**Q** 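Attaching a single structure in structure tokens format; questions to follow.
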2 protein chains.
Amino acid sequence: MRHTYREIDACGVKVALKLLAGKWTPIIFYHLGAGPLRFTELWHEIPRVSKKVLVVQLRQLEEAGLVARSVHNGFPPEVSYQLTPKGAGLVPIMQSLDQWAMTHITEAVHIA
Amino acid sequence: MRHTYREIDACGVKVALKLLAGKWTPIIFYHLGAGPLRFTELWHEIPRVSKKVLVVQLRQLEEAGLVARSVHNGFPPEVSYQLTPKGAGLVPIMQSLDQWAMTHITEAVHIA
DNA sequence: CCGCATCCACGTAGATACTG
DNA sequence: CAGTATCTACGTGGATGCGG
């Protein structure tokens, strides 16, 4: 059986990789994996990312259901982010990737 | 301890994802996982990819040590590609990703 | 058969400034 | 505090054609 282009893009591995491979996704998961964080807390944990880009990344993860956004209205605003169970299910896979990298790529630094 | 930008980019997870997340990497792994293939065989297995792009992807995987390229000189030329042990080590991780996707993403199609 | 050269389209990310 | 609005830069992938 031949697979069409659309089917290939819908392949589970590709869908998962599309979500994981955002430039800041791994470090977001690393920090949120330790528990919920407010936006600015998370922003301060991640060096050299603009607020705009961080917002965009979080929106994408939220839309995919990997991250939950909780708004507590009032002033000042308070918004916290945390991993959903669906998102948390990717954490062990990231650990596998890290394990693979440590085995095969000596130059890589172990962070997350 | 604070991590610098360079260190974050060298993080093992990011290095591994960078390699995996090429547009055609999963399907290349899927086909090479079944055994070595010649260039044109592989090309015919993958719909809608240009030869140029496939060559570029294979070069990157080769440079990273995930794929081995064997040339048998003569005419016509004969070049075969296969996964290295290092590359094969990523296959179970891809299967984990597929498993995760099947659990959480009902719309995804199971191919590789 | 295998691959390179050229040119092009698009998505993602960054810099900067402004706002409820 | 937690965003939004523009504008810009760059990398990846794609179309097509040529060559050993």
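The structure displayed is predicted, hence computed values, not measured ones. Each chain gets a letter, A, B and so on, in the order the sequences are listed, and its residues count up from 1.
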**Q** B:Lys23 side chain N/O closer than 4.0 Å to the phosphate oxygens (OP1, OP2) of C:dG11?
**A**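 The answer is no; no side-chain N or O of B:Lys23 sits under 4.0 Å from OP1 or OP2.
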**Q** Output the rounded distance in Å from CZ (B:Arg48) to C1' (D:dG14).
**A**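 So the CZ-C1' distance, B:Arg48 to D:dG14, works out to 13 Å.
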**Q** A:Leu37 vs A:Leu32, test: side chain to side chain contact (heavy atoms under 4.5 Å, CB included). Steps then yes/no.
**A** CA-CA 7 Å; A:Leu37 286 176; A:Leu32 290 188; 4.0 Å; yes
**Q** Check whether B:Thr84 reaches the backbone of B:Gly65 with its side chain - one donor and one acceptor, N or O, closer than 3.5 Å.
**A**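 Yes; judged by distance alone, with no hydrogens or angles, the pair exists.
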**Q** For A:Leu61 and C:dT12, give me the distance from atom CG to atom P, rounded to whole Å.
**A**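 Those two atoms, CG and P, are 13 Å apart.
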**Q** Using atom NZ of B:Lys18 as one end and atom C1' of D:dC10 as the other, report the distance to the nearest whole Å.
**A**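 Between C1' of D:dC10 and NZ of B:Lys18: 11 Å.
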**Q** Give a yes or no on whether the backbone of A:Ala21 and the side-chain of A:Thr25 come within a donor-acceptor separation of less than 3.5 Å.
**A**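 Checking the backbone N and O of A:Ala21 against the side chain of A:Thr25, no donor-acceptor pair under 3.5 Å is found.
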**Q** Just how far, in rounded Å, is P of D:dC1 from CG of A:Leu37?
**A**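 About 14 Å, once rounded to whole Å.
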**Q** Send over the distance from B:Lys14 NZ to C:dA13 C1', rounded to a whole Å.
**A**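 B:Lys14 atom NZ is separated from C:dA13 atom C1' by 11 Å.
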**Q** Expressed as a whole number of angstroms, how long is the span from A:Trp43:CH2 to D:dG3:P?
**A**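 My rounded result for the distance is 13 Å.
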**Q** Between A:Leu20 and A:Val56, is there a shared hydrophobic cluster once you connect ILVMFWY residues whose side-chain heavy atoms come closer than 4.5 Å?
**A**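 A:Leu20 does not cluster with A:Val56.
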**Q** Between A:Ser80 and A:His72, is a side chain to side chain contact (heavy atoms under 4.5 Å, CB included) present by the stated rule, with each step listed?
**A** CA-CA 8 Å; A:Ser80 68; A:His72 312 281; 4.1 Å; yes
**Q** How does protein reach along nucleotides 1-8 of chain C, written 5' to 3' as B (base within reach of a heavy atom under 4.0 Å), S (only sugar-phosphate), or - (no contact)?
**A** BBBSBB--
**Q** Toward the 5' end of DNA chain D, which comes first, B:Gln57 or B:Ser50, by nearest nucleotide?
**A**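 The answer here is B:Gln57.
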**Q** Tell me whether B:Val55 shares a hydrophobic cluster with B:Val71, the cluster being built from Ile, Leu, Val, Met, Phe, Trp, Tyr side chains joined at under 4.5 Å.
**A**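 Shared cluster, yes.
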**Q** Which label fits A:Trp100 and A:His104: parallel for a plane angle under 30°, tilted from 30 to 60°, or perpendicular past 60°?
**A**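 Correct class here is tilted.
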**Q** D:dG14 C1' sits how many Å from B:Leu54 CG, rounded?
**A**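 Atom-to-atom, B:Leu54 to D:dG14, this comes out as 13 Å.
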**Q** Taking it one step at a time, do A:Phe39 and A:Leu58 satisfy side chain to side chain contact (heavy atoms under 4.5 Å, CB included)?
**A** CA-CA 10 Å; A:Phe39 178 80; A:Leu58 286 169; 4.0 Å; yes
**Q** Run A:Ile27 and B:Val13 through side chain to side chain contact (heavy atoms under 4.5 Å, CB included) and show every step you take.
**A** CA-CA 9 Å; A:Ile27 195 171; B:Val13 178; over 6 Å; no
**Q** Roughly how bent is the helix from C:dC1-D:dG20 to C:dG20-D:dC1 end to end, in steps of 10 degrees, with each end axis from five pairs?
**A**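 End axes: 50° apart.
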**Q** What is the distance, to the nearest angstrom, from the CD1 atom on A:Ile27 to the P atom on C:dA13?
**A**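 From A:Ile27 CD1 to C:dA13 P: 14 Å.
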